[in-house]
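Computed over heavy atoms, backbone and side chain alike; hydrogens, waters and symmetry mates excluded. Letters A, B, ... mirror the listed sequences (proteins, then strands); counts begin at 1. Quick caveat, the model's predicted, so the values are computed rather than measured.
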Amino acid sequence: MSAPSDSARGSFSGPNGPRPGGIAARALGRATPAESAPSDYLRGLNPEQRQAVETTEGPVLVLAGAGTGKTRVLTTRIAHILATGRAFPSQILAVTFTNKAAREMKTRIGSLVGEAVEGMPWLGTFHSIGVKLLRRHAELAGLRSDFTILDTDDVNRLIKQLIQAENLDEKRWPARQFSGMIDGWKNKGQGPKDISEGDARAFANGKGRQLYTAYQERLKTLNACDFGDLLLHPIRIFREHPDVLREYHRKFKYILVDEYQDTNTAQYMWLRLLAQRPKERDTSDAKNLTAEGRKPDRASADQAAPAEASEQSERAAVSANQLQQINICCVGDDDQSIYGWRGAEVDNILRFEKDFPGATVIKLERNYRSTAHILGAASHLIAHNEDRLGKTLFTEAPDPEDPKVNVQAGWDSEEEARIVGETIETLQRRGHKLNDIAILVRASFQMREFEDRFVTLGLNYRVIGGPRFYERLEIRDAMAFFRVVASASDDLAFERIVNVPKRGLGEATIRQIHDTSRAMGIPMLEAAGELAESDEIKPKPRAALREVVANFSRWQKLLETLPHTELAEQILEESGYTAMWKNDRSAEAPGRLENLKELIRSMEDYESLRSFLEHVALVMDAEQNEDLDAVSLMTLHSAKGLEFETVFLPGWEEGLFPHQRALDEGGRAGLEEERRLAYVGLTRAKRNLYLNFVSNRRIHGLWQTTIPSRFLDELPEKHVEVIESSNSYGGYGSGGFKGRHNPYGASRFDKAAASQPFSSSYGTPGWQRAQANRTDATRNNWGMRSGHAVERIGYGETDSGFGAGRGSIKARTIEGELVAKSVSNEPAAFKVGDRVFHQKFGNGSVAAVEGNKLTIDFDRAGQKRVLDGFVSAA
DNA sequence: CAAAAATGTATTTTT
DNA sequence: TACATTTTTG
């Protein structure tokens, strides 16, 4: 009894169904009565866009630069397919990367085509479509169709248990790290058997593979999946059951993929399985793949399997042609590939024409979003990348009124926030909507300072992304209760809340439940029930356990009868969970209660507890209220796909952006990805773009002197304007930036990065050495002269960050010393009681010395911890 | 078993 | 620094 049948979804149903045109046309008709000529939606498309919409047959790759109307093409294309009766809504597979994108496509298609969207069950993220497939064919993957989807937290806890079971040192082999590795393998489509020997050895003294296997087995017994499985299981099913695959080959007449540059190997395999229809095919494809050094994925081999059966019904006859034709349309932009770190393979997009011979490639290069200045800046920047297909975006002729891209220096991050805040207030006074303003940061810790500032200014802001609703402690607890009620065998959820609120069920008791569960082969909840009736357990925990078990069985019964929202309320009430927070006097308790209410409220939108749980597992974010006029604050990554009238990009400093870690781990490729991220950031802006950098930033609680991002140097001068801030300390930025006669040598920097790999942590010798190198580079490239009196900080042309008088720090010296351990080197640099001077904090005396970290009592600024490199003897 | 203290550890992005 | 997690203490 495999999952719900197609007919439930009203999709492709039978040989005698109406002709496709029928339904689609009717749907259209309902939505937009008679006058809606089929070509209506085509109006306003430029020739390339139109071509992308109308080339419905065969493989199509649309290379859509930023702001060129990518989503419009995608949605119009679907509308076109429907309107011309080429397919039923249910015969279109449209995959996106994020829920946001899926949602947007649904709405936009909806407005084009009306209710037909209702019948588009296969529009969604890779993962949500994966779940759908898997629910139907769960038994082929050894699961029941009511399997649960584990989130990262569940996974980590599970792995931790496995590591403990193996008696491994948890500190040496952290669960998070291993779950990361598993994630990576799954992104590559590798099961336990497929991982490389090296990978297998890399963890836990060679137990990597064994652990991975154990993990998968555990998932199976738990009847659970992690995110990766949502893709991998379907892939495996398709490979092992050609009949199932064929079913989907018949079903999906058109495949559309959004953000193709972000697909990882697993997603790529998945797509190829679905897209490459079995017909007589030469093996050259497969050869190509291996010849080019790609992993010989089994997709290609298994593909070649049975030839299309031509025997069946009229449908086979109709589709015989189409089945060989791969109507796949991938839309993407190699310049916006920013998820390489999580397994995305830009290569997928670069290789498209080889994968799908005869593909039509359409470039969308006309930008409808940004001014010529912004576009000019972005294009010039991205041109520094080598690995790209190369597009040339263009726009209308520049309007002399258009503002240039602003670059502004600040002293530290606090000032940066102040400057941005002031600029926003100015804009607001001129009638600028806050909703049209965004601040895009590289890393989320940067947000705090802006939030602080906006709070004091009373400026509305909204954080997008960030810590997500469903990841909050109280929500996860509540969800765990619900999960156990919905499926009594969800051990992970059970374990999470047996002792919440505190019932005196500690480690010992839980272990006992665990053991019983193992021994008897029953879920923990059941085991708890057994235990509560036996006398192997002390009276106190026994009573508590009894109550828990009784609670759950009562709730489970109510599941059938009581509306799920009421049940949810009852559960939280009777379990004492809400009471727990009511009694909690801490500052966050009221907020948590509020969140719980919100949770119940959001459940109303779903028809059952189960469907709600599914939603939460897949869509981890909660919607925000759009009514409020507020500045958006988010990371660059979550800004992809959005656009704003005005964009602020703070933190353009080496080490932060490009991020040190990207450089360390990714080398040149890492740098290029950072540059693409910068490109994404720049191209979010329609009209006003402000870049900021500061010379002092606190990282890990230590003050670091920073230098401007190399990306600033990669912007074309003619599109950029440097703002002189009248009231700020000025920093070294403006003067240097403006008069840069010898631009920052990117190659030089690359060399440094390549020849002396930084280590992964800021506190390490590698990082410090990097700092030293950069100090050097800064002097050379930003026109700083040593020998200036330090008093001159604050005037435009002066060096404020480095150099002058800081005798104890010479790059070379540091190089030599820092090979040693960071905490033990140069013990003699300063000693307690020394008078020192710091660029930011002024004079002070050393209160404590820990290797190169000094605790200093500053005369004005109070006690701070700083690296010795940033102070000099007073 | 729970609360307090100490310790450690990571601070990029997320379906 | 700041947070989470572990160890110690009551």
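With the nearest nucleotide of DNA chain B identified for both P541(A) and H127(A), P541(A) has the one nearer the 5' end. Toward the 5' end of DNA chain B, the nearer of the two residues G506(A) and E673(A), judged by each one's closest nucleotide, is G506(A).
Going from atom CE of M580(A) over to atom OH of Y577(A) covers 4.5 Å, rounded to the nearest 0.5 Å.
Of the candidate nucleotides dA2(B), dC1(B), dT15(B), dA2(B) has the atom nearest to the side chain of K502(A). Side chain of T125(A), nearest nucleotide from dT1(C), dT15(B), dT13(B): dT15(B). Set against dT13(B), dA2(B), dC1(B), the side chain of N499(A) has dA2(B) as its closest nucleotide. When distances run from any side-chain atom of D183(A) to the nucleotides dT13(B), dC1(B), dT15(B), the shortest one goes to dT15(B). In this structure, of dT14(B), dT1(C), dC3(C), it is dC3(C) that holds the atom nearest to the side chain of R448(A).
A salt bridge does not link R453(A) with E449(A): every distance from a Lys NZ or Arg NE/NH1/NH2 to an Asp or Glu carboxylate oxygen is 4.0 Å or more. Of the charged side-chain nitrogens involved, at least one lies within less than 4.0 Å of a carboxylate oxygen, so that D258(A) and K70(A) count as a salt-bridged pair. At a threshold of 4.0 Å, the pair D153(A)-R157(A) counts as salt-bridged, since one of the basic side-chain nitrogens sits closer than that to a carboxylate oxygen.
Phosphate contact (OP1/OP2 of dT6(C), side-chain N/O of K160(A), threshold under 4.0 Å): present. Within the structure, every side-chain polar atom (N or O) of T96(A) is placed at least 4.0 Å from both OP1 and OP2 of dT15(B).
Ring geometry, Y212(A) versus W185(A): the interplanar angle falls under 30°, so the pair is classed parallel (tilted spans 30 to 60°).
Atom-to-atom, CG of D154(A) to P of dT15(B) comes out at 16 Å; the value is rounded to the nearest Å. Between the P atom of dT13(B) and the CZ atom of F227(A) lies a distance of 17 Å, rounded to the nearest Å. The distance between atom CG of L440(A) and atom P of dT13(B), rounded to the nearest whole Å, is 14 Å. Separating the CD atom of Q164(A) from the P atom of dT6(C) is a distance of 9 Å, rounded to the nearest angstrom. Here the P atom of nucleotide dC1(B) and the NZ atom of K540(A) are 9 Å apart, to the nearest Å. We find that CD of Q336(A) is positioned 15 Å from C1' of dT13(B), with the value rounded to whole Å. One interatomic measurement links the two molecules: CG of N187(A) to C1' of dT13(B), which rounds to 14 Å at whole-angstrom precision. One can place CZ of F445(A) at 15 Å from C1' of dC3(C), the figure rounded to the nearest angstrom.
F97(A) comes within contact range of the sugar-phosphate backbone alone, with a heavy-atom separation under 4.0 Å but no base atom that close. No contact: T263(A) has no heavy atom under 4.0 Å from any strand.
Of all nucleotides present, none satisfies the Watson-Crick or G-U wobble test against dT15(B) with each distance under 3.5 Å. When both pairing distances are held under 3.5 Å, dA6(B) makes a Watson-Crick or G-U pair with dT5(C).
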Side chain to side chain contact (heavy atoms under 4.5 Å, CB included) between L150(A) and D229(A), intermediate numbers included
CA-CA 10 Å; L150(A) 269 33; D229(A) 286 341; over 6 Å; no
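Once the 5.5 Å centre distance and the 30° plane angle are applied, the aromatic ring of W341(A) is found stacked with the base of dT13(B).
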